[in-house]
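Structure first, then comments.
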Amino acid sequence: FPVTIRIDVKKNLDEIEKACRAQGLTNNFIIKAIKANVMKETGGVPQNENLAGYANTSNERIRKIFGKRFASVSEAQLSTIKKNTPEFAEYIYGLKSGKKGKELGNTQAGDGYKFRGRGYIQITGRDLYIKCGKTLGKDFVNNPDSLNTPENAAASTVWYIKEALKALAPRSDYRLDPKNPQPKDQLEANRLITNCVGGVALKLTRPASSAIFQEILAKVDRYSSQLA
């Protein structure tokens, strides 16, 4: 599919490249792979996760996506919960989500909604808001929507990817320097960064054999082929 980039999105992508270089990611393949993932995730526009969209999603689909998080909820209850966005957020990310909320570091009522996905790649959870803010010198806990400014969205995206690289780069199927990886070509860079953005969250430890990963990666490859 052809990519027509609006002027504001082009500025956002330029801000991402600036953040990459400022944080030590200077490989051009890596930079383009990050931009391609941002285009795939949010179209190059920082934004809040659209949980309201689940109001019109079938209960069956919601249970398939979120599994045990709604196991104790009846069909009638779920039909009501999914139309109340803050309450729905509590079940998928907050105190009512069980293990997931703890993994995200959400400890207070309302954290699920307050720390829902934001920015270009939807950084989620109190823990990431704290850690990212501490590194960047920002207070994302008390000002969560500030993650959606182009500057902060870019900086936080690069921060998150650098954190993921620490786990992925030394693996046998990558073997790249996590501080400044030097992939051999664009396709290798796309695979690495796509796994940082989506693979880590989805626990795709064997991305080459995952149909979900390959579907996501195909979109990133198409975007990267059309970005400057």
Side-chain angles (χ1 to χ4, degrees), residues 1-47 49 65 117-124 128 132 135 147 150-228:
F1 50 83
V3 176
T4 302
I5 302 178
R6 305 195 313 256
I7 292 177
D8 61 324
V9 173
K10 175 63 167 60
K11 290 180 179 179
N12 290 345
L13 295 179
D14 288 344
E15 193 68 41
I16 290 169
E17 180 164 350
K18 179 181 176 182
C20 284
R21 298 190 184 282
Q23 294 187 45
L25 292 181
T26 60
N27 180 274
N28 289 329
F29 293 137
I30 292 291
I31 293 172
K32 184 178 286 189
I34 293 174
K35 291 179 180 180
N37 267 276
V38 163
M39 291 298 294
K40 188 268 297 179
E41 290 287 320
T42 52
V45 180
Q47 56 196 267
E49 184 176 0
I65 295 172
R118 284 184 176 83
Y120 290 124
I121 59 172
Q122 304 294 270
I123 287 177
T124 307
L128 288 184
C132 181
T135 301
L147 260 172
E151 179 183 12
N152 288 341
S156 61
T157 293
V158 178
W159 169 84
Y160 181 88
I161 288 171
K162 288 187 68 178
E163 290 296 301
L165 282 171
K166 293 176 184 177
L168 286 175
R171 270 179 21 187
S172 60
D173 48 349
Y174 291 111
R175 296 289 186 187
L176 297 169
D177 176 3
K179 293 184 179 180
N180 193 13
Q182 301 292 322
K184 66 179 183 297
D185 56 30
Q186 190 61 57
L187 293 179
E188 183 180 42
N190 290 350
R191 180 170 173 266
L192 174 63
I193 299 304
T194 301
N195 203 24
C196 286
V197 173
V200 174
L202 296 173
K203 298 182 180 178
L204 302 177
T205 56
R206 296 177 60 82
S209 62
S210 167
I212 296 174
F213 185 85
Q214 293 302 321
E215 180 180 346
I216 294 171
L217 182 60
K219 295 178 182 179
V220 173
D221 286 343
R222 288 197 293 272
Y223 273 118
S224 72
S225 70
Q226 298 179 60
L227 291 172

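- Phe29 is not listed as a side-chain neighbour of Glu188, based on a closest heavy-atom distance of 4.5 Å or more.
- Side-chain atoms of Val9 and Met39, non-hydrogen and from C-beta on, do get closer than 4.5 Å to each other.
- Residues Gln182 and Asp177 form no side-chain contact, since every pair of their non-hydrogen atoms from C-beta on lies 4.5 Å or further apart.
- At a threshold of 4.5 Å between non-hydrogen side-chain atoms, the residues Glu163 and Lys166 count as touching.
- Looking only at side-chain heavy atoms (C-beta outward), Leu13 and Glu17 stay at 4.5 Å or farther from each other.
- Under the 4.5 Å side-chain criterion, counting only non-hydrogen atoms from C-beta, Ile30 is in contact with Pro181.
- Of the possible donor and acceptor atoms, none in the side chain of Lys32 sits under 3.5 Å from a partner among the backbone N and O of Gln186.
- When each of Ile34, Val38, Leu25 is tested with Ile193 by the rule side-chain contact (heavy atoms from CB on, under 4.5 Å), just one qualifies, namely Ile34.
- A donor-acceptor pair shorter than 3.5 Å cannot be found between the side chains of Asn37 and Glu41.
- Salt bridge absent: Asp14 and Lys18 never bring a charged side-chain N and a carboxylate O closer than 4.0 Å.
- Between the CZ atom of Arg222 and the CG atom of Leu217 there is a distance of 10.0 Å, given to the nearest 0.5 Å.
- Without hydrogens or angle criteria, Thr194 side chain to Arg191 main chain gives no donor-acceptor distance under 3.5 Å.
- The structure places CG of Asn190 at 14.5 Å from NZ of Lys219, a figure rounded to the nearest 0.5 Å.
- Here the closest non-hydrogen pair linking Val158 and Ala19 is CG2-CB, 3.8 Å.
- Listed here is the closest heavy atom pair of Gly117 and Thr124: CA-OG1, 3.3 Å.
- Here the closest heavy-atom approach between residue Tyr120 and residue Pro46 is recorded as CE2-CD, 3.1 Å.
- Contact check for Gln122 versus Gln47: side-chain heavy atoms found under the 4.5 Å cut-off.
- Closest heavy-atom contact between Leu165 and Pro178: O-CB, 3.6 Å.
- Contacts of Thr26 classified as side chain to side chain contact (heavy atoms under 4.5 Å, CB included), with partners at least two apart in sequence or in another chain: Arg21, Asn180.
- The side-chain contact (heavy atoms from CB on, under 4.5 Å) test with Thr157 singles out one residue from Leu147, Asn152, Val197, Ile121, and that residue is Ile121.
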